[in-house]
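Here is how names work: the chains are called A, B, and so on, in the same order as the sequence lines, proteins then strands, and each is numbered from 1.
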2 protein chains.
Amino acid sequence: MLVKLDKQAGVRAPLRSTGSIGTDIRALRRSRNWTLNDLAARLDRSVGWLSQVERGQSEPALADIRTVAALFDLPVSFFFSQSPDTPEAAYVVRSESRRAMSDEGKGLVESLLSPDLGGAFEIVHSVFAAGARCPQPFVRLTEEAGYVIEGSLTLIIDGENFVLKRGDSFRFAGETVSWVNEGEVPAVLIWVIAPPVY
Amino acid sequence: MLVKLDKQAGVRAPLRSTGSIGTDIRALRRSRNWTLNDLAARLDRSVGWLSQVERGQSEPALADIRTVAALFDLPVSFFFSQSPDTPEAAYVVRSESRRAMSDEGKGLVESLLSPDLGGAFEIVHSVFAAGARCPQPFVRLTEEAGYVIEGSLTLIIDGENFVLKRGDSFRFAGETVSWVNEGEVPAVLIWVIAPPVY
DNA sequence: TGAATGAAAAAATGTTTGATTTTTTCATTT
DNA sequence: AAATGAAAAAATCAAACATTTTTTCATTCA
């Protein structure tokens, strides 16, 4: 039974997922505020088809999945890293079965800590390699907060440097942000973003 | 300068705080969807006065603060655990200067990981004492997620038991939830709640 | 002297309605 | 079975108006 949460409380509707590719695509599309038409155009497919795909009534071709992955800057593997088919999968993500959201090699490995995309916020496990540096500062229309589990990370918020160590936390919203790991070991953080950007 | 974030993106307005008691009270009141009138009535004070207090134009009496603390089930100390007056305080919370949101002794110590109350979600550091047990299951109109940093915690979601270990994470929304720490050591978690309940 | 009030003004929020956009459905084609 | 295109259904949006909530401020209270 699905509990009806009232809108006013700010809880987004579609949380319970089927864990299908279509559900992922829908969440990704929504995170960018795109309509079916917006995404269908980019895939060079019809709106009706996309609607069917998102609801699991039709299977996208591999080529389509590749395009979607590219559009959202995700590894294709993301769409196939299915959570094990246990009853707990709706609620729990085991440390060994997180879905990777970025490829190794960029100095930052992000993986999803929630059972699926969607919801009011995104909670991500991020590992910043020693010496890694944000390619360029970014600004997002989001509220973001984080907590340092291991190692140390320098955050640059609106030009000010903050060296965060284990146990430190932060929050910002709307500022220009960048980061560097100036330590000798990887920095491990929990990072929360609302609303979701992936 | 305060960046204007657009509503559509779902970012709540009043983030930057003055760090005053009034700001805390306003955030707490809002988290329960109470109007000035609702809270003023409970404090047996006028609406105008409360408006002034929340905006720092008037000082509440100690008795008022005690009542507020009781209403929101917070220790009075919460309102006086000011973050150090450094420029970073707007963005960063150091591990040694978190604001405690619950008194020791209940088996659960929660402390705030964001620089102030308010915002789209709440991020909390929670330590569940070994053997501690949730006094009774709860249901909230929120979306909640968490990550186990240390130790182990059993979550009971809609009657199903999930034993979470270090590195595991979870998310739920609308379910009936309870918890026990059946381990021998404290369980340390990061817990995210949207929208804020404190 | 600053806390506190009450009432008027201002601001914010909610509601309705009709129009528009977005999504779903489905018969048909590839 | 994938994919389309068009009709139906559902959801979203904008404007106008009503209502609620918040702020302001002159005044009283202790």
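Stems are defined here as 3 or more consecutive Watson-Crick or G-U wobble pairs with pairing distances under 3.5 Å; those involving DNA chain D are C:1-30 with D:1-30.
D:dG5 atom P lies 12 Å from atom CZ of A:Arg45, rounded to whole Å. Distance, A:Asp44 CG to D:dA3 C1': 12 Å, rounded to whole Å. Going from atom CG of A:Leu36 over to atom C1' of D:dA9 covers 14 Å, rounded to whole Å. The nearest whole Å value for the distance from the CG atom in B:Asn33 to the C1' atom in D:dT20 is 14 Å. When rounded to the nearest whole Å, the span between CG of B:Leu50 and P of C:dG6 equals 14 Å. A straight line from CG of A:Leu39 to C1' of C:dT21 spans 17 Å, rounded to a whole angstrom. Per the geometry, CG belonging to B:Asn37 stands 12 Å off P belonging to C:dG6, to the nearest Å. Atom CZ in A:Arg30 sits roughly 10 Å away from atom P in D:dA11 (whole-Å rounding).
Considering only residues two or more places apart in sequence or on other chains, A:Glu122 meets the salt bridge (charged side-chain N to carboxylate O under 4.0 Å, His left out) condition with none of them. For B:Glu110, the side chain to side chain donor-acceptor pair (under 3.5 Å) partners are B:Tyr198, not counting sequence neighbours. Among residues two or more places apart in sequence or in another chain, the salt bridge (charged side-chain N to carboxylate O under 4.0 Å, His left out) test is passed with B:Arg94 by A:Asp168, B:Glu88. Applying the side chain to side chain donor-acceptor pair (under 3.5 Å) rule to A:Thr35 yields the partners A:Asp38; only residues at least two apart in sequence or on another chain are considered. With sequence neighbours excluded, the residues that form a side chain to side chain donor-acceptor pair (under 3.5 Å) with A:Arg55 are A:Ser51, A:Gln57. Qualifying side chain to side chain donor-acceptor pair (under 3.5 Å) partners for A:Glu59, counting only residues two or more places apart in sequence or in other chains: none.
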Name the pairs: protein N/O against N/O of nucleotides 26-28 of chain C, kept only if under 3.5 Å.
| unit_1 | atom_1 | unit_2 | atom_2 | d |
| --- | --- | --- | --- | --- |
| C:dC26 | N4 | A:Gln52 | OE1 | 2.9 |

Name each donor-acceptor pair under 3.5 Å that joins a side chain in residues 181-188 of chain A to protein atoms two or more places apart or in another chain, with its distance.
| unit_1 | atom_1 | unit_2 | atom_2 | d |
| --- | --- | --- | --- | --- |
| A:Asn181 | OD1 | A:Gly183 | N | 2.9 |
| A:Asn181 | ND2 | A:Phe128 | O | 3.0 |
| A:Asn181 | ND2 | A:Ala129 | O | 3.2 |
| A:Asn181 | ND2 | A:Val185 | O | 2.9 |
| A:Glu182 | OE1 | A:Thr154 | OG1 | 3.0 |

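Counting non-hydrogen atoms under 4.0 angstrom, A:Ser51 reaches a base of the nucleic acid.
Residues from residues 54-64 of chain A placing a heavy atom under 4.0 Å of any atom in DNA chain D, listed by number, are A:Ser58, A:Glu59.
Among pairs with a residue in residues 40-76 of chain A, those fulfilling ring-ring contact (aromatic ring centres under 6.0 Å, His included) read A:Trp34-A:Phe72, at least two apart in sequence or across chains.
Side-chain nitrogen and oxygen atoms of A:Arg26 include none within less than 4.0 Å of the OP1 or OP2 phosphate oxygen of C:dT22.
As a member of the Ile/Leu/Val/Met/Phe/Trp/Tyr network built from side-chain separations under 4.5 Å, A:Ile156 groups with A:Val180.
The environment of B:Arg166 atom CZ is sparse: at most 12 non-hydrogen atoms of other residues, nucleotides or ligands sit within 6.0 angstrom.
Among A:Tyr147, A:Trp191, A:Phe162, the single residue meeting the ring-ring contact (aromatic ring centres under 6.0 Å, His included) criterion with A:Phe170 is A:Trp191.
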